Amino acid sequence: MQAPTIGGVQVPRGNGETIRLPRGASLADFADKIGANPASLVQVVFTQLGEMVTATQSAPEETLQLLGTELGYDVKIVTPEEEDAEILARFDLEFDADEDEEDLVARPPVVTVMGHVDHGKTKLLDAIRSANVQAREAGGITQHIGAYQVHTTVEGNDRTITFIDTPGHEAFTAMRARGAQVTDIAILVVAADDGVMPQTIEALNHAQAADVPVVVAVNKIDKEGADPAKVRGQLTEYGLVAEEYGGETIFVDVSAVAGTGIEQLLESVVLTADAALDLRANPNRPAEGVSIEAHLDRGRGPVSTVLVQRGTLRIGDSIVAGDAFGRVRAMLDENGDQVEEAPPSRPVQVLGLTSVPGAGDNFLVVPEDRMARQIADQRQARERFAELAKSRGRMTLEDALRRIQEGQIDQLNLILKGDVSGSVEALEDALLGIDVGAEGEVGLRIIGRGVGAITENDINLAKASDAVIIGFNVRPEGKARELAEREKVDVRYYSVIYAAIEDVEAALRGMLKPEFEEVQLGTAEIREVFRSSKVGNIAGCVVRSGTIVRNAKARLVRDGVVVADNITISGLRRFKDDVTEVREGFECGISLGNYNDIAVDDVIETFEMKEKPRT
């Protein structure tokens, strides 16, 4: 019997059968599933759908699904999670496999602190773990996810709690949501003087979507105008009824600054975990868990903060995290101390991976290095095919900045580089979520993303694609800056994430007002560090470019990553003489005031801000 024809082409027809295809599948993959000739499907797509697709190139999901409808098949695109399960099944592995009851032992609860910006989440964690995190954050906003363990005494027993520190700005919705997915309990921080705010509700929605119990910390009770009762009343509208009002939610009044109520809060977390949750895991199996954060460290290579969820992670284990793999060379706790093993609910920094995994990637220990490499390679291939399929058919942007200025932009291409993967991912999610309304038919496309310094490859990609590079807490390495200036590639630097979002949104709306532009004055490379009991550390430098001017604003760059911003050249000397400026090629001594964390090979960049009108 002859096969039915569509547009003059013979192809086998279906009767509603389901066809499962991976992301980035080709027409050849489709043809293999239904026993057709790939060339026939190419003809059908061209004649019936009006698209030019070759048999072997990755096809968009919409094209495959439309083709399936045309041929009588129900095409299902396999999700990333299902793809991952299929890859692991080939190696007889399974993530989150069922456990025998007798193997399970109690584990500490994992807690995420959520709430509105500036309601005191970071200060509360400071008070809990007695470490000043906020002082290291740009603009007082937590920029990265970290994980910490603290101990508290409940009913005479020493109990451990793991905290996941999530960022506070609404732009980090994706990171906060991911934090809730690995969380057992959420602490919702609400300022007693401000009450419930939009991000409070957003954070609560994430916690409820993740189906985790909520403990409310009513902070800033010592401030004038504080009204804890008002907070309790407001949250009743959202389903959080305080115990004293006959509900089930524990509310604890705290002051992060004064340190009051902290012990009661920790006790409430432990009691909530004991009452509402069955927190057990098997420590006697290969470790599995989640990569919470990762970055590229000078001298140590890729460093990933992982949270062990099942099993015990040990030094020497072969590990695969997302599309990164390696052998655990060392593990560090939140204080930087070496640890030999990490049981369930223990967060540790892992050294030994070959590349930087994504924030939120699952990790697991495998029997041997070869298997880890093969799993990582297959994951990379799948992601590459998926990216190719997504990018097919999208318009490339010509003369991006000219079209922004003329208000005729169709699409803005961006390349994102950051110091850690979580920030890059959060920035990407926030940028892609920008809504420009009906003010212009405009679009945004992220054509590249990565962790580490801005490289010449990034500049070349931006040049070829007419893209703008956004650097978050990173700078160009080597000759990348000169190449960017020569090729006139627009590179923008940010240290607070929402400033980048505001600029891009303004560009998309064609509403950029006159702005301040950073003009570099000069750079100096530190050759030696001198210790002085009077003025602190003095940097013995040679001026590499431009001029170093006393009292100029400066930043310190280490291996392409900004380690200190908004510092000042407080002292400048040539031999024994104080001078006001030192030109390129000369040596000098530089004092950065109270900032003393300097090292040989660091680069001091000086700059000034000049107003730049938008055309």
Side-chain angles (χ1 to χ4, degrees), residues 23 61 79-81 112 114-117 121 137-139 141-146 164-183 186 198-199 201-207 209-210 290-295 304-305 321-323 356-362 383 386-387 389-391 394 411-437 442-452 467-474 492 494-509:
R23 294 176 303 154
E61 292 179 13
T79 65
E81 291 75 20
T112 299
M114 297 177 167
H116 190 76
V117 64
K121 296 180 299 299
E137 301 291 356
I141 295 172
T142 310
Q143 301 285 353
H144 308 148
I145 289 179
I164 295 180
D165 181 8
T166 54
H169 193 265
E170 77 267 18
F172 291 179
T173 297
M175 296 172 80
R176 190 184 292 127
R178 186 175 55 247
Q181 286 164 9
V182 298
T183 298
Q199 286 170 324
I201 307 309
E202 173 196 304
L204 178 58
N205 290 340
H206 284 311
V290 176
S291 171
I292 298 171
E293 187 47 86
H295 66 279
S304 176
T305 302
D323 57 7
V356 179
D361 281 348
N362 288 330
E383 284 302 319
E387 287 294 323
K390 277 167 58 180
S391 64
R394 290 193 182 178
Q411 184 167 280
L412 175 62
N413 290 344
L414 294 178
I415 296 172
L416 309 181
K417 292 301 288 282
D419 52 347
V420 292
S421 56
S423 297
V424 175
E425 191 172 326
L427 182 57
E428 179 179 4
D429 285 342
L431 291 175
L432 292 176
I434 290 175
D435 179 16
V436 293
V442 295
L444 186 70
R445 182 177 170 204
I446 311 294
I447 63 169
R449 64 195 66 71
V451 176
V468 175
I469 297 177
I470 290 183
F472 183 74
N473 268 343
V474 295
R492 311 232 171 174
Y494 299 93
S495 59
V496 175
I497 212 165
Y498 59 75
I501 297 162
E502 288 171 358
D503 275 8
V504 172
E505 184 171 10
L508 288 175
R509 291 180 183 274

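This one's a predicted model, so the numbers in the text were calculated from it and none came from an experiment.
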Fill in: Interatomic distance, Ile469 atom CD1 to Leu416 atom CG [nearest 0.5 angstrom]
10.0 Å

Worksheet entry | Electrostatic pair Arg449-Glu428, nearest N-O below 4.0 angstrom | yes

Worksheet item: Nearest 0.5 Å, what's the CD-OG distance between Glu293 and Ser291?
Response: 7.5 Å

Item to complete: Might you point out which heavy atoms bring Leu431 and Ala500 nearest each other, and give the distance in Å?
Response: CD2-O, 4.5 Å

Worksheet, complete the sentence: Rounded to the nearest 0.5 angstrom, the CE-CG distance for Met114 and Leu204 is 9.5 Å

Discussion item. Determine whether a donor-acceptor pair (N or O, by modelled atom type, separation under 3.5 Å) exists between the side chain of Asp361 and the backbone of Gly358.
Written reply: yes

Worksheet item: What distance separates Thr183 OG1 from Ile164 CD1, expressed to the nearest 0.5 Å?
Response: 4.5 Å

Practice prompt. Enter the distance from Asp503:CG to Tyr498:OH here, rounded to the nearest 0.5 Å.
Written response: 12.0 Å

Fill in: Non-hydrogen side-chain atoms of Ile470 and Tyr494 separated by less than 4.5 Å
yes

Response to the item:
To the nearest 0.5 Å, atom CD1 of Ile497 lies from atom CG of Leu427 at 4.5 Å

Worksheet entry | Non-neighbouring partners of Val356 that pass side-chain contact (heavy atoms from CB on, under 4.5 Å), sequence neighbours left out | Ala294, Leu296, Pro302, Ser421, Val451

Worksheet entry | Option passing side chain to side chain contact (heavy atoms under 4.5 Å, CB included) with Asn413 (candidates Val468, Ile446, Ile447) | Ile447

Response to the item:
Taken in chain and number order and not counting sequence neighbours, the residues that satisfy side-chain contact (heavy atoms from CB on, under 4.5 Å) with Val474 are Lys417, Asp419, Ile454, Val561

